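Here is the structure we will look at, set down as structure tokens.
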Amino acid sequence: MERIAFISVHGCPTAKLGSKDTGGMSVYIRQVAREMAERGVYVDIYTRYHDPNDPQVVSLGERARVIHIPGGPYDDMKESLPRHLPEFVCSLLAYTVREGLSYDLIHSHYWLSGRVGTLLARHWGIPHVTTFHTLAEIKRHARAGEQEPEARVVGERKVIASVDRIVASSQHEKEAMVRLYNARGHKIEVIPCGVDVELFRPMNQRLARRSLGVRDPKVVLFVGRIEPLKGVDILIRAMAQLEQRDSVRALIVGGEPGGDPEIRRLEAMASELGISSQVSFLGRVEQEQLPTYYNAADVCVVPSYYESFGLVALEAMACGTPVIASRVGGLPTVVKGGVTGYLIPWRCPEPFADGLDVLLKSPAIRRAMGRASRRLALGMRWSDTAEQMLALYQLLLAPPLASAAAG
Ligand code: UDP
């Protein structure tokens with residue numbers, strides 16, 4: 001196996017993390033591609049041009065690069081992308097012909113890319129692996145009221161029927177695909193995500209707080225894209241119920257304060273509950289700076305209604321910070337209830353407030369959980385993810401036994 005094509009039509013691995021459509025998937029693609037490249041495989045990541053100033057090719061280091069391909073107007077929303085997919089496919093094919101590129105296998109990310117991957121894999125006669133990252137039906141079941149276009153569900157079903165293998169990030173995601181999409185279990189491989197344990201590592205909490213200018217005695221942290229599925233509303237309501245709420249600050253990292261209606265809604269909620277002065281909406285933060293935030297925090301809260309994996313929980317744990325998370329999707333793969341934090345089975349603020357009260361009051365429990373968290377994170381690295389994926393690719397590329405014997 002020499003050269004792999006990753007397809008990520010809507011999420012550019014070089015885009016700013018923490019804004020609307022750029023989060024865990026971009027991190028996943030970038031990290032796995034780099035790890036594969038380090039193991040001698042060339043990885044080309046195809047994405048659409050998001051900005052007229054994007055250079056066509058961006059290197060991610062030796063053997064891994066991002067290639068921008070025309071695919072609709074730069075600022076088009078993800079929802080209108082399906083109609084630009086034919087342009088993307090044609091431009092991508094023309095590019096590969098011009099550059100004399102051929103691939104051994106395609107790995108697509110998200111259903112839009114899965115549709116592209118299906119066409120290309122058929123055209124080139126090579127295997128196609130997909131990672132959905134999120135699926136419409138699973139989101140819909142997780143949070144009543146979450147509207148996903150029917151075209152997406154139809155598209156996802158087509159991808160599931162056509163791919164050679166699906167990579168799920170957790171057993172929960174695999175089971176949900178079988179239950180909600182009638183996917184065949186043997187086609188789904190569970191490969192957990194990883195974390196960069198060099199970047200995300202424990203550091204002195206006092207120094208971390210000082211460098212952020214945080215003076216409050218206790219700090220609770222949320223990190224992620226700001227959208228209803230992330231459950232920031234649960235955290236804000238929980239904050240209002242804390243026993244010593246006046247000495248606790250919630251740092252909310254992610255999104256773009258100023259115009260985002262979801263942030264405005266959450267700010268209004270904090271104001272109504274009388275805790276505006278205790279909640280700081282900080283906007284998105286470069287990933288290289290995030291370890292300071294995780295280390296400044298006493299507890300990281302992941303109150304999501306659904307999470308296919310939950311990289312933020314693992315990053316906090318790698319920094320030695322306990323996590324209180326909803327018991328949904330892939331989060332139980334990462335957070336071990338009572339050992340590295342708490343898993344909350346209900347999507348309501350009271351049990352989150354209870355967990356926070358316990359942890360904020362007990363430095364000894366926080367320390368013990370922090371140490372267990374770091375230990376667990378050390379066993380979940382991106383190198384493990386990439387190696388499992390390469391093993392899967394090898395399996396798909398190996399000649400069937402009968403023809404190997406005949407040859
Ligand atoms: N992230 C970041 N800056 C931010 C907010 C998020 O770098 O301001 C990164 C974070 O470190 C994590 C990813 O975005 O790696 C979010 O991944 P997660 O799996 O938690 O959520 P998703 O975006 O996949 O829903």
Side-chain angles (χ1 to χ4, degrees), residues 1-17 21-51 53-71 88 91-93 95-110 112-114 116-117 120-121 124 126-131 133 165 167 169 189 191-200 286-288 309 311 314-315 380-394 396-397:
M1 176 174 39
E2 229 173 79
R3 200 176 271 278
I4 304 295
F6 274 17
I7 314 286
S8 174
V9 180
H10 84 281
C12 177
T14 61
K16 302 271 180 216
L17 294 170
D21 279 331
T22 318
M25 186 177 92
S26 302
V27 175
Y28 179 105
I29 292 174
R30 207 166 59 193
Q31 296 288 357
V32 170
R34 281 194 182 132
E35 294 288 345
M36 287 182 177
E38 268 178 34
R39 284 156 183 76
V41 179
Y42 285 85
V43 186
D44 286 344
I45 306 165
Y46 287 97
T47 188
R48 62 193 283 273
Y49 273 104
H50 299 79
D51 190 301
N53 298 319
D54 283 335
Q56 180 147 41
V57 179
V58 182
S59 170
L60 293 183
E62 211 183 331
R63 289 189 285 269
R65 56 187 183 163
V66 173
I67 302 173
H68 292 101
I69 295 291
F88 183 83
S91 311
L92 194 161
L93 281 172
Y95 179 84
T96 55
V97 170
R98 210 167 48 242
E99 299 292 322
L101 291 166
S102 64
Y103 297 98
D104 299 305
L105 181 143
I106 294 174
H107 191 149
S108 57
H109 299 269
Y110 195 70
L112 289 168
S113 307
V116 170
L120 293 174
W124 287 330
I126 57 176
H128 177 201
V129 176
T130 200
T131 305
H133 298 272
R165 283 292 192 286
V167 173
S169 298
E189 191 85 3
I191 303 181
C193 302
V195 63
D196 179 344
V197 294
E198 304 299 326
L199 173 65
F200 295 103
E286 291 296 329
Q287 206 172 36
E288 289 63 33
F309 185 77
L311 288 181
L314 189 52
E315 291 165 4
M380 298 184 79
R381 303 178 198 220
W382 285 115
S383 50
D384 303 327
T385 312
E387 276 170 16
Q388 288 180 60
M389 233 168 251
L390 287 173
L392 171 67
Y393 296 172
Q394 293 289 9
L396 292 172
L397 291 168

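Bear in mind that the values here come from a model prediction, so they are computed numbers and not experimental data.
For the residue pair Ser108/Thr130, the side-chain donor-acceptor check at 3.5 Å is satisfied.
Between the CZ atom in Arg34 and the CZ atom in Arg63 there is a gap of 14.0 Å [rounded to 0.5 Å].
Side-chain atoms of Val167 and His107, non-hydrogen and from C-beta on, do get closer than 4.5 Å to each other. You'll find the side chain of Glu38 stays beyond 4.5 Å of the side chain of Ser383, heavy atoms only. With contacts defined as side-chain heavy-atom distances shorter than 4.5 Å, the pair Tyr46/Thr96 qualifies. At least one side-chain heavy atom of Tyr103 sits less than 4.5 Å from a side-chain heavy atom of Asp44. Taking 4.5 Å as the limit, some side-chain heavy atom of His10 sits within range of a side-chain heavy atom of Met25. At least one side-chain heavy atom of Ile45 sits less than 4.5 Å from a side-chain heavy atom of Leu60. Residues Tyr110 and Ser8 form no side-chain contact, since every pair of their non-hydrogen atoms from C-beta on lies 4.5 Å or further apart. Within the 4.5 Å cutoff, the side chain of Arg30 has no heavy atoms near those of the Phe6 side chain.
Salt bridge status for Glu35 with Arg381: absent, with no side-chain N to carboxylate O gap under 4.0 Å. Looking at Lys16 and Glu286, a side-chain N of the basic residue comes within less than 4.0 Å of a carboxylate O on the acidic one, giving a salt bridge. Arg3 and Asp104 are not joined by a salt bridge, as no carboxylate oxygen comes within less than 4.0 angstrom of a charged side-chain nitrogen.
In summary, the aromatic rings of Tyr49 and His68 are positioned with their centroids under 6.0 Å apart.
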Stepwise side-chain contact (heavy atoms from CB on, under 4.5 Å) test for Thr47 and Asp54: CA-CA 11 Å; Thr47 188; Asp54 283 335; over 6 Å; no

Could you walk me through whether Leu93 and Leu120 satisfy the side-chain contact (heavy atoms from CB on, under 4.5 Å) test, starting with their C-alpha distance in whole Å, then the side-chain angles of each, then the deciding distance to 0.1 Å, before giving a yes or no? CA-CA 8 Å; Leu93 281 172; Leu120 293 174; 3.7 Å; yes

Check the pair Ile69 / Gln56 against side-chain contact (heavy atoms from CB on, under 4.5 Å), numbers first and verdict last. CA-CA 7 Å; Ile69 295 291; Gln56 180 147 41; 4.1 Å; yes

Begin with the C-alpha distance, continue with both residues' side-chain angles, and end with the deciding distance and a verdict on side-chain contact (heavy atoms from CB on, under 4.5 Å) for Leu314 and Phe200. CA-CA 9 Å; Leu314 189 52; Phe200 295 103; over 6 Å; no

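Aromatic ring pairs are classed by plane angle as parallel below 30°, tilted from 30° to 60° and perpendicular above 60°; the pair Tyr28 and Trp382 is perpendicular.
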